[in-house]
Amino acid sequence: MTTNGHLAAPPVPTSIIDNVPLNDAQRAAVVYDGGPQLVFAGAGSGKTRVLTAKIAWLIGHKRITPHNIFAATFTNKAAQEMKQRVRALTGSPCDSLWIGTFHSLCARILRREASRLGFLPSFTIYDADDQVSAMKKVIKEMEIDERAIPPRQALGAISKYKNACTPPEDLDPAAAPFFQREIIRIYREYARMLKRVQAMDFDDLLCNAVYLFRKNPPVLASYQDLFRYVLVDEYQDTNLAQFYLVKHLAGRSNAIFVVGDDDQSIYGWRGANIENILSFEKAFPGTHTFTLEQNYRSTQAVLRFANTVIAGNTRRAEKKLWTSRSGSARVRVTRYMDGRQEADCIGDDIRELVRGGMPAPLVCVLFRTNAQSRAFEEAFRRKQLPYVLIGAVGFYERKEIKDCLAYLRLIVNPLDDLSFERIANVPPRGLGDRAFKDLRTAARAAGCSLLQIILKGDFSMVADRARKGCADLRELFTEVNSWNAAGTAPHEVLSGMLTRTGYMDMLQGDDSEESEGRLENINELMNTLTIWSGANEGKALSDFLQEVSLETDVDRWQKRDDAVNLMTMHCAKGLEFKAVFLAGLEDGILPSRLNFDDEEKMAEERRLLYVGVTRAMDVLRCSYAEQRWRFGSVTPMSPSRFLHDVPPEVFDFEDRAAFHPAREPAHHTRRNAVAAGPSKSWRGQDDHPKYDAPDHFTQETVAFRIGQYITHKNYGRGRIVSLSGFGKDLQLTIVFNDGARRKLMAAFANLENS
DNA sequence: TTGTTTATTCTTTTT
DNA sequence: GAATAAACAA
């Protein structure tokens, strides 16, 4: 059953949302009150607005208390913003809304109910790094060869089980083939270890919440009573565990509202299941489906490009995005000689845009992988073009920051052996492998954690020279624990701790470039913590640690009023910019060569490009390079196969490679030298058959750009005013000196430069 | 036990 | 090219 607005929108004056400009379809979705709702919201169709209005309507019109609403968003930032807007609309304080990412909402539930799962409320949340080190330890302890089963692979397999909410005790190793059998054994040990150190990884937050509800029907019932309404944003990126969760919470009331766009499903690799949205109606019978097709974000030129990109995918929910926004700028596709030229020229183009009045923070460069950011950072720094890089090496993933956090974690959770092992010898305290082994044996015998052994004060199990270090640690933690108990502000605890341990001295003594940056980072952490303590009076150190580990890249993003933005396309989900540059659109990068052989993954790559394209409001520029400096050698590249699916009339093609002045950069091979040689993949052998891209992109004969003067045998001299198509099909629009405007096929026109 | 050198491996996207 | 692990010297 589908409604496009006109039928189901009774013009009931519902004062609460009268202040929100909504079109018919949006309004219909907001005021519908007849059971489960699925809203297909195309890119830029006002999804957030609908979601916000819906919550406001629930509170203001349906009289549901904020406390009884569960809303899952994709970032915490989005949650904060929505909270603000709902507050503005309803005039009621909305602090009690359950709104946030699935992970934070689950963490909140799990802290309250921890004991039912055999956890303490103070459990630690392990990030990807922590997971790897925990897994390495498990594998080592089980005396399995790390090369036979790489930790990451084991984690990947376990993550699949957790996504499906299959606990290790439901798996029978005897019934599985060898490799799987080992994985199951490892899964068991890993789970045991996390329990022992009182930690949950990201997947645990979701599946443990599901286990909680499965095993405790009364608890489930109490949450079903609590959450009278469940809303989910970006539903296309939910995984099975999240589906179970939603099904548990809303299964009885059927009071559920989900928004999403199957065309923007880009997290399949993380376990997201596009079937969740495509089969929503099966899971929630009686679902009413709404479709938002009017795009308010992009110009027709951008949207046409986007529509042709996504049209290449077959299995999609039918929808046609349209816009009434006109705009003068055509989409441009540019060919560059190499990554460096690409970054340079994009920098120049951005400067040009900004000079023309475009605010820098509304400009964004998007790429497929984090590694690609480097070229831009270098170029922009050279050009003194301010930028902010979102994502990449996250602040909280830096060594020194992780060290600080490990110290703090140990105060909150003394059972966290992993954090203990991380910092026990940083700065050096004479504790090496030998000492750790001794401590572990003693801890195991006493049935307690490493830190607890230290706190006992009996160091007879370790060698002489390690005793001093152990005693130091004991003194440190005894003292710090007393500060914390006495209610010393968190930032003071941290700074006291770092001075006391000599960590600061360690960095100050080392006058390398990095240690300077590290000191700065630690300062920044201290500032963050100070500000946080001020803004969150009454909250504990443990709350800070949780917020930090569940923070998304976008959450930490602060727009600077003079800086342009750099980020991956994944990171850009849900965001919009006036001008978007999509860089590195090459086969092997987007789509990633790692997904060449999997049809569904390739469809996801295409959706990723679609997401990138639809971030643009006014200006969209795509680019690819002929060769790229990758992995220590120059690799020839060809344009993304997705570009070939876009009909030429939808964009202007511009070739800047041929016009780039010959340059002899220190480490770059000359283009011709490479182009002439046999094409070699970066591994030294062609392990993937090279996609046979039509060579018209790279044909050296087609080298024209807008503004160039040429001479034609019959028509004389003229100036190129626009280009469309590629290679053999490249069409030039030329204004000749006689005033005539002619469209010519470049391949046949036989033009000369003049 | 610690710090240095050399070898080796591996490259996507993130809560 | 970078990050990590193993090997080695002090």
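Throughout, protein chains are lettered first and strands after them, A, B, ... in sequence-line order, and every chain is numbered starting at 1.
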Quick one: A/Asn239 CG to B/dT14 C1', roughly how many Å, whole number?
-> 13 Å
Return the 5'-most residue of the pair A/Trp269, A/Gly430 with respect to DNA chain B, ranking by each residue's nearest nucleotide.
-> A/Gly430
Of B/dT15, B/dT12, B/dT1, the nucleotide closest to the side chain of A/His103 is B/dT15
Using a cut-off of strictly less than 4.0 Å, decide whether A/Thr568 has a side-chain nitrogen or oxygen near OP1 or OP2 of B/dT12.
-> no
Residue met sooner reading DNA chain B from 5', once A/Pro428 and A/Glu604 are mapped to nucleotides | A/Pro428
Which listed nucleotide (C/dT4, B/dT15, B/dT12) is nearest to the side chain of A/Lys136?
-> C/dT4
Please state how far atom CG in A/Leu594 lies from atom C1' in B/dC10, giving the value in whole angstrom units.
-> 11 Å
Name the nucleic acid region contacted by A/Leu206, choosing base, sugar-phosphate or nothing; use a 4.0 angstrom heavy-atom cut-off, strictly under.
-> nothing
Separation of A/Arg607 atom CZ from B/dT13 atom P, in whole Å?
-> 18 Å
Does the distance from a Lys or Arg side-chain N to an Asp or Glu carboxylate O, for A/Arg607 and A/Glu604, drop under 4.0 Å?
-> yes
In whole angstrom, what separates A/Arg398's CZ from C/dA3's C1'?
-> 16 Å
So, A/Arg467 side chain and A/Val462 main chain: donor-acceptor pair closer than 3.5 Å or not?
-> yes
With the threshold set at 4.0 Å, does a side-chain nitrogen-carboxylate oxygen contact exist between A/Glu141 and A/Lys137?
-> no
Indicate whether OP1 or OP2 belonging to B/dT12 is found under 4.0 Å from a side-chain N or O atom of A/Asn370.
-> no
Could you give the CD-to-C1' distance, from A/Gln131 to B/dT15, as a whole number of Å?
-> 10 Å
Quick one: A/Asp127 CG to B/dT14 P, roughly how many Å, whole number?
-> 14 Å
For ring-ring contact (aromatic ring centres under 6.0 Å, His included), just list the numbers for A/Phe544 and A/Trp532, CA-CA rounded to whole Å, side-chain angles, deciding distance to a tenth of an Å, and then say yes or no.
-> CA-CA 8 Å; A/Phe544 176 76; A/Trp532 183 89; 5.3 Å; yes
Phosphate oxygens OP1/OP2 of B/dT2: is one of them under 4.0 Å from a side-chain N or O of A/Asn425?
-> yes
Phosphate OP1/OP2 of C/dA2 contacted by A/Arg374 side-chain N/O (<4.0 Å) | yes
Interatomic distance where CZ belongs to A/Arg467 and P belongs to B/dT1 [whole Å] | 13 Å
Is any side-chain N or O of A/Lys573 closer than 4.0 Å to OP1 or OP2 of B/dT13?
-> no
Considering only atom C1', compute the distance from C/dA5 to B/dT12 and round it to an integer number of Å.
-> 23 Å
Strictly under 6.0 Å, is that where the ring centroids of A/Tyr223 and A/His248 end up?
-> no
So what does A/Ala466 touch, heavy atoms closer than 4.0 Å: a base, only the sugar-phosphate, or nothing?
-> nothing
Just how far, in rounded Å, is P of C/dG1 from CD of A/Glu378?
-> 10 Å
Do the charged groups of A/Asp127 and A/Lys402 touch, with an N to O distance under 4.0 Å?
-> yes
Please work out if A/Phe74 contacts a base, only the sugar-phosphate, or nothing of the nucleic acid, heavy-atom cut-off 4.0 Å.
-> nothing
